[in-house]
Structure formats: structure tokens, C-alpha cells
Amino acid sequence: MDKISLENYELATITEDEIRKINDLEQSISSSLRKEIKLIAYQKKNLNIGKYGFKC
């Protein structure tokens with residue numbers, strides 16, 4: 001499996017419905033693999049936004 005750098009990513013802003021779908025997918029994968037699986041949603045950082053949320 002390829003490793004990726006997460007320095008250009010941040011936790012994604014997602015809806016309650018999307019969280020529910022991710023949780024359902026976690027349960028499905030965990031059940032089929034018989035291992036605990038946690039999925040995390042990331043999105044690319046907006047590199048034009050400064051440290052305090054102001055556009056550069």
C-alpha cells in the first residue's frame with residue numbers, strides 16, 4: 001500500500017448523513033475482516049487560507 005503525506009490535508013467538513021454513511025461502511029468492513037476499522041475523512045487544505053482563517 002502506498003503511503004501519502006497528510007501535510008496538505010485537514011479533517012473534512014462533512015454532514016451528519018455522511019458521518020452515518022462512513023459509520024455504516026466501517027461496520028461493514030469490520031464485520032467482513034473481523035477487525036476493528038476506523039475511517040477518517042480528509043480534504044485538501046485550502047492553501048490560500050492563512051493560519052487564522054483569513055484569505056491570503
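Being a predicted model, the structure only gives us computed values, none of them experimental.
Interatomic distance, CD1 of I29 versus CG of L39, reported as 5.0 Å (0.5 Å rounding). One finds the OG atom of S30 at 9.0 Å from the CG atom of L25 (value rounded to the nearest 0.5 Å).
In the hydrophobic cluster analysis, where Ile, Leu, Val, Met, Phe, Trp and Tyr join through side-chain heavy atoms closer than 4.5 angstrom, I19 is grouped apart from L11.
Using a cut-off of 4.0 Å between Lys/Arg side-chain N and Asp/Glu carboxylate O, R20 and D17 are scored as salt-bridged.
A side-chain hydrogen bond (donor to acceptor under 3.5 Å, both in side chains) with E10 is found for exactly one of K45, Q43, K44, namely Q43.
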